[in-house]
Amino acid sequence: AGPGKNGVSPEMVRRFGIMADLASANKINLIVGLVTGWMSGRLFVPPALDGLNPITDPLSILWQVRLVKTLVNEFKDHPAIAAWDLGNECNCMGAATQQQAWVWTATIADAIKSIDASRPVVSGMHSLCVEKTQPWSIHDQGELTDLLTTHPYPIFTPHCNREPMDTIRPLLHSSAETCLYADLSGKPAFVEEFGNFGPYVCGDSKAGNVLRGHFAGIWAHDCRAALWWCAFDQLSLTEAPHDWVPIERELGMLREEGSPKPLASEIAAFQSMLASLPFKTLPPRRTDAVCILTRGQDQWGAAYSSFILAKQAGFDIRFAYAENPLPDADLYLLPSIGGLNALTRRREVELRERVAAGATLYVSVEDAFVREVYSMTGLEFLGRCARPASCSFTVKRGDQATTLTLPSSTSFALRDGQATILAREENGTPVFSVAAYGKGHVYFLSVPLETRLATTNGAFLPNAAPYNMIYRVFAEQALGRRLIGKSAPNLGITEHPLDNQDTVIVLINHSPLALEDELVLSRSTEILSTLYGPTPESSSPGHFSIKLPANGFAVWLCRKN
């Protein structure tokens, strides 16, 4: 049958209805991507709209709205449909300004809601921006849709494809990016697509471990849901888009003939674990600090590295944007600030007041003009210039000392002033310091730790330099408030209070090697039971050892007496 008056084929609508009926009969819910012009790395549009920008051209948008309204009206009462999605990665369909992207999103979202306001509208985008003035921002998608999405493929997201997929940086990609979207938008976010991306990126023998590591992290960080992309390998399909682009032909959890790959058993095992728990929903994790992202920096690089370093050090962060009011916190991070307009004076004054009232502030610097922040460091600033070489310094914590080397484009001339110097460059210049300010403290690092690690291959491998020691130093008080302390940087621990007494603890080995660590319980805490995974072994009062297999995890129930 030819297209109807709305340009939509009645035959294709009928076929979609058959699929929806089959889904309902098999208890499968559908998230329907409506404007799916971007498919497997290439634009896929009707010939009549070929050559038009789908995001900005009025003729293209006219037919998109008709398509959306036709499908939503036809299936708004179908029980299989759980949500309407704008479409697959529509921000890849064409260039747009911030205003054009906003108008397109609002147009499609409003077209859906005008017919069906009962279901959530899902953003469906890939790689959104932190900066509000940029196209396809987290802020705009949060304003216009009900659920944000991440598609955390390391090879397509900056800074993620620098170590093997079963190591801590790529394993925390899905959690870090999804938390960033949820924190900055104020809307729930979930992992709409992830996978091993075929044997040339991550073979079947590792894919199960990678899936398990992602699932555990996504669950522990309240990322709501995760969908593996995709169901079947598609090596033999001859139709578009699979005869156009070869990159997405071996992504299935099932082979072409229907046999499951090893990773499929991990999905079943994780579902069984969830069903065995004595609670239906894992409570949100306890966060210990707010990480503030600023203008003029690599915002994703700063956020991503901060998330990993905090995890390695043993605490959890949430994100905020400096253009918005600051959440209350005992510990604030300003990672790798840079540029002429990093912070407004209003935000600097607000930070100064929070520190004076007792908060701790950590600042690392690329080359920023933030007078109010610098005035709290206790250091005397004498000037700055381009740095001819990397910066090397030794950090101490207790009886541990480590020498770290970081590339940095700027060299600051500093005097000690009222600050306590924690590390100096080889020429004696202060590089890491702490100073009291009112009732609080300010830690200052004169090199952009986070954005430099974001662009350094191998920076988070197990044998890499322990850059997280800097985070352990400035977060000492926050670490002291945790129920469980740890040493191993690849061990991630999240704490999920059930009530005033009981807390669920999730421990994840973010590495491809078996992990062993000695844990320290706070004085008032006891481990009641093991809900999943290895049971801890007591080594001395208040100390327990834990052994986790490669990319494995455990779930414990603790009680605070």
Side-chain angles (χ1 to χ4, degrees), residues 168-169 289 302 305-306 308-315 331 333-338 360-368 373-374 376-436 441-480 485-490 517:
I168 190 168
R169 180 172 359 206
S305 292
S306 297
I308 299 169
L309 289 166
K311 188 67 64 179
Q312 289 183 319
F315 65 99
L331 174 60
L333 281 62
L334 274 175
S336 300
I337 56 174
T360 295
L361 172 64
Y362 157 76
V363 186
S364 64
V365 181
E366 175 78 56
D367 187 11
V373 171
Y374 290 155
M376 295 188 287
T377 64
L379 297 164
E380 184 180 351
F381 285 73
L382 305 176
R384 38 79 64 210
C385 64
R387 182 185 291 276
S390 296
C391 177
S392 292
F393 54 97
T394 300
V395 178
K396 296 181 179 179
R397 181 175 181 262
D399 57 358
Q400 294 179 306
T402 186
T403 298
L404 303 175
T405 300
L406 282 168
S408 179
S409 60
T410 304
S411 176
F412 290 90
L414 301 169
R415 285 181 182 165
D416 297 10
Q418 302 300 310
T420 299
I421 307 305
L422 303 175
R424 298 182 186 272
E425 296 188 50
E426 293 173 349
N427 64 6
T429 302
V431 63
F432 188 34
S433 62
V434 61
H441 291 84
V442 176
Y443 288 82
F444 180 78
L445 183 67
S446 65
V447 290
L449 171 66
E450 295 78 14
T451 53
R452 286 299 180 267
L453 294 184
T455 58
T456 302
N457 295 341
F460 293 106
L461 287 175
N463 60 350
Y467 295 102
N468 68 87
M469 185 178 287
I470 293 171
Y471 274 51
R472 290 178 185 265
V473 170
F474 73 71
E476 196 74 50
Q477 287 186 329
L479 292 171
K486 55 98 176 188
S487 299
N490 286 311
D517 197 16

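By convention here, the first residue in the shown sequence is residue 1.
A salt bridge does not link Asp367 with Arg387: every distance from a Lys NZ or Arg NE/NH1/NH2 to an Asp or Glu carboxylate oxygen is 4.0 Å or more.
Rounded to the nearest 0.5 angstrom, Leu453 CG and Thr451 OG1 are separated by 8.5 Å. Considering CG of Leu361 and CG of Leu331, their distance stands at 8.5 Å, rounded to 0.5 Å. Once rounded to the nearest 0.5 Å, the distance linking OG of Ser433 with CD1 of Ile421 reads 5.0 Å. With values rounded to the nearest 0.5 angstrom, Ile470 atom CD1 is found 5.0 Å from Leu449 atom CG.
Other residues, nucleotides and ligands contribute more than 12 heavy atoms inside 6.0 Å of the CG atom of Asn427. For CD of Glu426, the number of neighbouring non-hydrogen atoms (other residues, nucleotides, ligands) closer than 6.0 Å is 12 at most.
No option in Phe381, Phe432, Phe474, Tyr362 other than Phe381 meets the ring-ring contact (aromatic ring centres under 6.0 Å, His included) test with Phe444.
For Glu366 against Gly338, the heavy-atom pair with the smallest separation is CB-CA, 4.1 Å. Taking both residues in full, the closest heavy atoms of Thr377 and Ala435 are given as O-CB, 3.0 Å, listed atom of the first, atom of the second, then distance. The heavy-atom pair separating Ala464 from Ala459 by the smallest distance is CB-O, 3.2 Å. Closest of all the heavy-atom pairs between Pro407 and Ser390 is CA-OG, 3.7 Å. Across Ala368 and Tyr374, no two heavy atoms sit closer than the pair O-OH, 2.6 Å. Here the shortest heavy-atom pairing between Tyr471 and Ser306 reads OH-OG, 3.3 Å.
Here the side chains of Pro335 and Ser305 are not in contact, with every heavy-atom distance at 4.5 Å or above. Residues Val431 and Leu414 fail the side-chain proximity criterion, which asks for heavy atoms closer than 4.5 Å. Side chains of Leu382 and Arg415 form a contact here, defined as non-hydrogen atoms less than 4.5 Å apart. With a 4.5 Å cut-off on side-chain heavy atoms, Arg169 and Ile308 count as touching. Put simply, the side chain of Ser411 does not reach to within 4.5 Å of the side chain of Arg384, judged on heavy atoms. In this structure, Thr360 and Tyr443 have side chains that are in contact, with non-hydrogen atoms separated by less than 4.5 Å. Considering only heavy atoms from C-beta on, Val363 stays 4.5 Å or farther from Leu445 through its side chain. At least one side-chain heavy atom of Glu476 sits less than 4.5 Å from a side-chain heavy atom of Arg397.
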Side chain to side chain donor-acceptor pair (under 3.5 Å) assessment of Ser392 paired with Glu425: CA-CA 6 Å; Ser392 292; Glu425 296 188 50; over 6 Å; no
Candidate pair Val473 and Val395, rule side-chain contact (heavy atoms from CB on, under 4.5 Å), full reasoning: CA-CA 9 Å; Val473 170; Val395 178; 4.2 Å; yes
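At distances below 3.5 Å, at least one donor-acceptor pair connects side-chain atoms of Tyr467 with backbone N or O atoms of Thr405. Checked by atom type and distance alone, the side chain of Lys486 pairs as donor or acceptor with a backbone atom of Gln312 at under 3.5 Å. Remark: the backbone N or O of Ser487 is paired with a side-chain donor or acceptor of Arg472 at under 3.5 angstrom. With hydrogens and angles ignored, the 3.5 Å screen pairs no side-chain donor or acceptor of Ser336 with any backbone N or O of Ala302. Looking only at distances, no side-chain donor or acceptor of Asn468 sits under 3.5 Å from a matching main-chain atom of Leu309.
Thr403 and Thr394 are linked by a side-chain donor-acceptor pair at a separation below 3.5 angstrom, with hydrogens and angles left out of the test. Side-chain polar atoms of Glu450 and Ser364 form a donor-acceptor pair below 3.5 angstrom.
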